[in-house]
Student: 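Here you go, one structure.
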Amino acid sequence: MKFGWINFVGAVIVLLMLVPNIIYAVKNKDEKNRCTNRFMNIIEQIGRYGCMVLMWMPLLIWKFGFKSVFEMVLYVIGNLLLLIAYYIGFAIYMKKKRTGLADNMGKKNVGLAMTLAIIPSFIFIFSGVLLRHWLLLGFAVVFAIGHIYVTWQNTRN
């Protein structure tokens, strides 16, 4: 229940999290970040890229793995369920955006946008705790604070 130098499951999780973001970026090329708080935008990016690297790379830890089979199964199934929820939320959001329902960001859409900010944050936090990768957990908390704040600001403006 240990990884080598690379956690391939973590790498796959990161890649799967990137797919909806790439699709969104391609379909919404002209969309701008409306959050004007430069510090929070920087915090979000530091947390994002730190988490993306630390999900698959065991920097500053001696053992990269799980204490039990249960933890490994929880890690895989928990992240799989979170990714499924993320994809479902993303599909609903894109459908509403395509039909114009997400443009005015009604209360339901704000909640959906916030859910799409919270799920990746939770994936990183969940993984950091189960892997006992405290640096990942630290970056995950930084990312969660930044990403949730920036998303909130983008839904309000």
Side-chain angles (χ1 to χ4, degrees), residues 1-28 33 35 37 39-97 102 107-155:
M1 290 170 290
K2 295 179 185 172
F3 300 108
W5 286 96
I6 295 176
N7 171 1
F8 289 104
V9 175
V12 169
I13 291 168
V14 169
L15 291 173
L16 289 173
M17 287 172 63
L18 286 173
V19 170
N21 291 287
I22 292 168
I23 292 168
Y24 187 86
V26 168
K27 290 188 175 197
N28 298 282
N33 179 3
C35 177
N37 186 325
F39 176 75
M40 293 305 282
N41 283 318
I42 291 169
I43 288 295
E44 178 191 26
Q45 297 309 316
I46 289 170
R48 177 188 323 271
Y49 293 113
C51 288
M52 288 171 59
V53 170
L54 294 171
M55 278 289 287
W56 58 271
M57 185 176 275
L59 294 177
L60 302 176
I61 58 175
W62 294 105
K63 291 183 181 180
F64 198 41
F66 306 99
K67 282 192 173 181
S68 68
V69 173
F70 173 76
E71 285 184 359
M72 182 183 71
V73 170
L74 183 61
Y75 172 77
V76 172
I77 292 174
N79 277 317
L80 179 64
L81 292 174
L82 288 165
L83 284 168
I84 290 169
Y86 187 58
Y87 272 74
I88 290 169
F90 178 77
I92 293 167
Y93 185 80
M94 288 303 290
K95 182 177 181 181
K96 287 183 177 188
K97 189 153 184 76
K107 285 186 178 183
K108 289 182 182 177
N109 294 321
V110 171
L112 185 54
M114 294 306 295
T115 299
L116 292 174
I118 292 167
I119 291 174
S121 301
F122 190 73
I123 288 172
F124 291 137
I125 291 169
F126 180 72
S127 297
V129 168
L130 284 176
L131 289 168
R132 288 171 188 73
H133 193 330
W134 309 125
L135 188 58
L136 170 59
L137 182 59
F139 274 97
V141 170
V142 168
F143 172 69
I145 292 167
H147 192 50
I148 292 166
Y149 179 87
V150 169
T151 300
W152 177 254
Q153 292 301 310
N154 276 305
T155 60

Student: Measure the CD1-CG distance between Ile22 and Leu15 for me, rounded to the nearest 0.5 Å.
Tutor: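 Atom-to-atom, Ile22:CD1 and Leu15:CG are 8.5 Å apart.
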
Student: Output yes when a side-chain donor or acceptor of Asn41 lies under 3.5 Å from a complementary backbone atom of Cys35, and no otherwise.
Tutor: yes

Student: Please list, chain by chain and in numerical order, all residues satisfying side chain to side chain contact (heavy atoms under 4.5 Å, CB included) with Ile43, sequence neighbours excluded.
Tutor: Phe39, Val142

Student: Any chance you could lay out the side chain to side chain contact (heavy atoms under 4.5 Å, CB included) test for Met55 and Ile13, step after step, and finish with the verdict?
Tutor: CA-CA 8 Å; Met55 278 289 287; Ile13 291 168; 3.7 Å; yes

Student: Mind checking ring pair (Phe, Tyr, Trp, His ring centres under 6.0 Å) for Phe139 and listing every partner two or more places apart, or none if nothing turns up?
Tutor: none

Student: Sort and list the pairs that fulfil salt bridge (charged side-chain N to carboxylate O under 4.0 Å, His left out) and have at least one residue in residues 44-57, not counting sequence neighbours.
Tutor: Glu44-Arg48

Student: Say whether, by atom type as modelled, one donor and one acceptor occur between the side chain of Asn7 and the main chain of Pro58 under 3.5 angstrom.
Tutor: no

Student: Could you give the distance from CG (Leu16) to OH (Tyr86), rounded to the nearest 0.5 Å?
Tutor: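 Interatomic distance, Leu16 CG to Tyr86 OH, rounded to 0.5 Å: 11.0 Å.
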
Student: List in chain and number order the residues that pass side chain to side chain contact (heavy atoms under 4.5 Å, CB included) with Tyr24, two or more places apart in sequence or in another chain; answer none if no residue qualifies.
Tutor: Asn28, Glu31, Phe90, Tyr93, Met94, Lys97

Student: With sequence neighbours left out, write down each residue that passes side chain to side chain contact (heavy atoms under 4.5 Å, CB included) with Leu81, or none if nothing qualifies.
Tutor: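 Ile77.
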
Student: Holding to ring pair (Phe, Tyr, Trp, His ring centres under 6.0 Å), I want the full list of residues that pass it with Phe126, two or more places apart in sequence or in another chain.
Tutor: Phe122

Student: Quickly, which of Val19, Asn21, Val26 forms a side chain to side chain contact (heavy atoms under 4.5 Å, CB included) with Ile23? Name it, please.
Tutor: Val19

Student: For Tyr149 and His147, run side chain to side chain contact (heavy atoms under 4.5 Å, CB included): C-alpha distance rounded to whole Å, both residues' side-chain angles, the deciding distance at 0.1 Å, then the answer.
Tutor: CA-CA 5 Å; Tyr149 179 87; His147 192 50; over 6 Å; no

